[in-house]
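This report concerns only the one structure given below.
This is a predicted model, so every value here is computed, not measured.
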Amino acid sequence: MTEKYAVVLAAGQGTRMKSKLYKVLHPVCGKPMVQHVVDQLNKLELNELITVVGFGAEKVQDQLGEDSHYVVQKEQLGTGHAVQQADDILAEREGITVVACGDTPLLTEETLQNMMDHHIETEAKATILTAHAEDPSGYGRVIRGGNGQVERIVEQKDASKEEQAVQEINTGTYCFDNKYLFESLKNVSNDNVQGEYYLPDVIEILKNQGEVISAYQTPDFSESLGVNDRVALSKAEKLMKQRINEQHMRNGVSLVDPDNTYIGPDVTIGQDVTIYPGSILDGSTVVENDAVIGPHSTIENCHIGAETNVKQSVATDSRIGARVQVGPFAHIRPDSSLGNDVKIGNFVEVKKAEFGDGSKASHLSYIGDAHVGSGVNVGCGTITVNYDGKNKFLTTIEDDAFIGCNSNLIAPVTVGKGAYVAAGSTINKDVPAEALSIARARQTNKEGYANKIQSNKKD
């Protein structure tokens, strides 16, 4: 079986982005561009993936982690020079090598696989990924011979009028016979205006040696988009969003307004889910069948159960069960877990808390650092007072307890199973099971006192 390698070029700073953030780390649909490229390549079951880093090397490595190995291009002397940095690792190996740029986030696994298959079938030493451009201005043109093989690549400034009419363009992604690639790189010259070593020169060297140069044309021109500035970044964002949304709709998800729905590339959504406008689903979020999201909800790294409704709310790094009602205007903060048939209503904030099946906090409450059992009713205005200014403490509310409105539960404290807390109570001691706890001052009425207050105001 053919050994397969990849080299990702990610060493450039990207000055045209006009940003402190290194170019390849700019996100498209919530994921850095270089991560998109590496993720697609890693689906190809490569024997080795190497990312060439330079500017911002540590941050790029922090992002990709163990998804790649790394080599450093200390001086940015062109794309050919960048690939040469992998010489010590790859030069002596048999197989094929894909070279892709870290600023091409729209490349897909399918296209890369098809390019490699075409490379093998044609017995080429180099294969160029091309695309058909309605307006090829600014791109290098791919000139084929009568046998369909590539004769040469002509840059816009060097193209004749006839060559400028060619609409097949070079995308900057390649597949090479690995040994031929690194042997040819030794012969690439920097005798040009920029004084740099260019990877496309390898194509010319191999062609002059009589080797087969082929081209595989992607059916989707958008995959050729390289991001060099904020305008191109916005185009990539739009195209990626459209691609993701269309895929979900074809898989049985209803997007009421796709143009105003934002779904990250790693989100998984079941069938018959409905997503209303203004919603953002990101990270490793999973939404199960028949759920309803939105309008205007933001969900990140959450598991949402079947038939759950999250309306005009925010949920992060949490697990939400089936048939749960969240919102409107609720906030589910990290490390929360809501069981099945739970209700978290309007203006309720939940943080690092567990809710058992069937429990409710319907409005205007803060439940933080808490274990809430099943069948619990948390009344309006209830606060778990979890912080003493230095440490956080746990509140436990056991099954079937009832917490009256406007109660303060001073942690650490436990409300026992089936217990009642009277409205307006401040609880700082454990409440036994089945007990009624009342913790408020006895009401005192002072007859006629209001008149005295009004009299004093007049004076």
| side chain to side chain contact (heavy atoms under 4.5 Å, CB included) between Val372 and Val415, worked out | CA-CA 10 Å; Val372 180; Val415 178; over 6 Å; no
To the nearest 0.5 Å, tell me how far [X] [atom1] sits from [Y] [atom2].
{"X": "Tyr139", "Y": "Thr130", "atom1": "OH", "atom2": "OG1", "value": "12.5 Å"}
{"X": "Thr308", "Y": "Asn289", "atom1": "OG1", "atom2": "CG", "value": "11.5 Å"}
{"X": "Thr97", "Y": "Phe182", "atom1": "OG1", "atom2": "CZ", "value": "6.0 Å"}
{"X": "Ser279", "Y": "Gln312", "atom1": "OG", "atom2": "CD", "value": "9.0 Å"}
{"X": "His69", "Y": "Glu48", "atom1": "NE2", "atom2": "CD", "value": "5.0 Å"}
{"X": "Gln242", "Y": "Asp259", "atom1": "CD", "atom2": "CG", "value": "7.0 Å"}

More than 12 heavy atoms of other residues, nucleotides or ligands under 6.0 Å from [atom1] of [X]: yes or no?
{"X": "Arg16", "atom1": "CZ", "value": "no"}
{"X": "Gln76", "atom1": "CD", "value": "yes"}
{"X": "Tyr276", "atom1": "OH", "value": "no"}
{"X": "Lys179", "atom1": "NZ", "value": "yes"}
{"X": "Lys4", "atom1": "NZ", "value": "yes"}
{"X": "Lys238", "atom1": "NZ", "value": "no"}

4.5 Å side-chain heavy-atom contact, [X] and [Y]:
{"X": "Phe393", "Y": "Asn386", "value": "no"}
{"X": "Met17", "Y": "Leu233", "value": "yes"}
{"X": "Phe176", "Y": "Leu199", "value": "yes"}
{"X": "Val431", "Y": "Leu436", "value": "no"}
{"X": "Val98", "Y": "Leu41", "value": "yes"}
{"X": "Phe355", "Y": "Val324", "value": "no"}
{"X": "Ile263", "Y": "Leu255", "value": "yes"}
{"X": "Val378", "Y": "Ser359", "value": "no"}

So which heavy atom on [X] is nearest to which on [Y], and how close?
{"X": "His81", "Y": "Leu77", "value": "CB-O, 3.5 Å"}
{"X": "Glu223", "Y": "Leu106", "value": "CG-O, 3.3 Å"}
{"X": "Asp357", "Y": "Asn340", "value": "OD1-N, 2.8 Å"}
{"X": "Ile403", "Y": "Ser407", "value": "CG2-CB, 3.8 Å"}
{"X": "Asp369", "Y": "Lys392", "value": "OD2-CD, 4.0 Å"}
{"X": "Thr127", "Y": "His119", "value": "OG1-ND1, 2.7 Å"}

| request: Establish, yes or no, whether the cationic atom of Lys351 lies under 6.0 Å from the six-membered ring centre of Tyr366 and within 45° of the ring axis. | output: no
[X] (side chain) donor-acceptor with [Y] (main chain) under 3.5 angstrom:
{"X": "Asp430", "Y": "Thr414", "answer": "yes"}
{"X": "Ser374", "Y": "Gly356", "answer": "no"}
{"X": "Asn47", "Y": "Glu3", "answer": "no"}
{"X": "Ser224", "Y": "Ser222", "answer": "no"}
{"X": "Thr384", "Y": "Gly368", "answer": "yes"}
{"X": "Ser318", "Y": "Thr316", "answer": "yes"}
{"X": "Thr395", "Y": "Ala370", "answer": "no"}
{"X": "Ser365", "Y": "Gly379", "answer": "yes"}
{"X": "Asn245", "Y": "Thr261", "answer": "yes"}
{"X": "Ser313", "Y": "Pro328", "answer": "no"}

| Would Glu447 and Asn445 count as having a side-chain donor-acceptor pair, cut-off 3.5 Å? | no
| query | Between the side chains of Glu110 and Asn114, is a donor N or O closer than 3.5 angstrom to an acceptor N or O? | reply | no
| Applying ring-ring contact (aromatic ring centres under 6.0 Å, His included), which residue pairs with at least one partner in residues 399-439 are found, sequence neighbours left out? | Phe402-Tyr420
| task | Might you work through the side chain to side chain contact (heavy atoms under 4.5 Å, CB included) test for Met115 and Leu112, ending with a clear yes or no? | result | CA-CA 5 Å; Met115 178 182 66; Leu112 293 165; 4.2 Å; yes
| request: Run the numbers on Leu9 and Thr79 for side chain to side chain contact (heavy atoms under 4.5 Å, CB included), then give the verdict. | output: CA-CA 8 Å; Leu9 308 183; Thr79 52; 4.1 Å; yes
| field | Carboxylate-amine/guanidinium contact Asp399 Lys417, below 4.0 Å | value | no
| message | Closer than 4.0 angstrom, basic N to acidic O: yes or no for Lys241 and Glu237? | response | no
| task | Give the C-alpha distance, both sets of side-chain angles, the deciding distance and a yes or no for side chain to side chain contact (heavy atoms under 4.5 Å, CB included) between Ile269 and Leu281. | result | CA-CA 10 Å; Ile269 306 176; Leu281 285 72; 4.2 Å; yes
For residues 20-31, which side-chain N or O atoms pair as donor and acceptor with protein atoms under 3.5 Å away, sequence neighbours left out?
residue: Lys23; atom: NZ; partner: Asp103; partner atom: OD2; Å: 2.8
residue: Lys23; atom: NZ; partner: Asn228; partner atom: OD1; Å: 3.0
residue: His26; atom: NE2; partner: Ser19; partner atom: OG; Å: 3.2
residue: His26; atom: NE2; partner: Leu21; partner atom: O; Å: 3.3
residue: Lys31; atom: NZ; partner: Asp39; partner atom: OD2; Å: 2.7
residue: Lys31; atom: NZ; partner: Asp266; partner atom: OD1; Å: 3.1
residue: Lys31; atom: NZ; partner: Asp266; partner atom: OD2; Å: 3.1

| note | Applying ring-ring contact (aromatic ring centres under 6.0 Å, His included) to Tyr387 and not counting sequence neighbours gives none
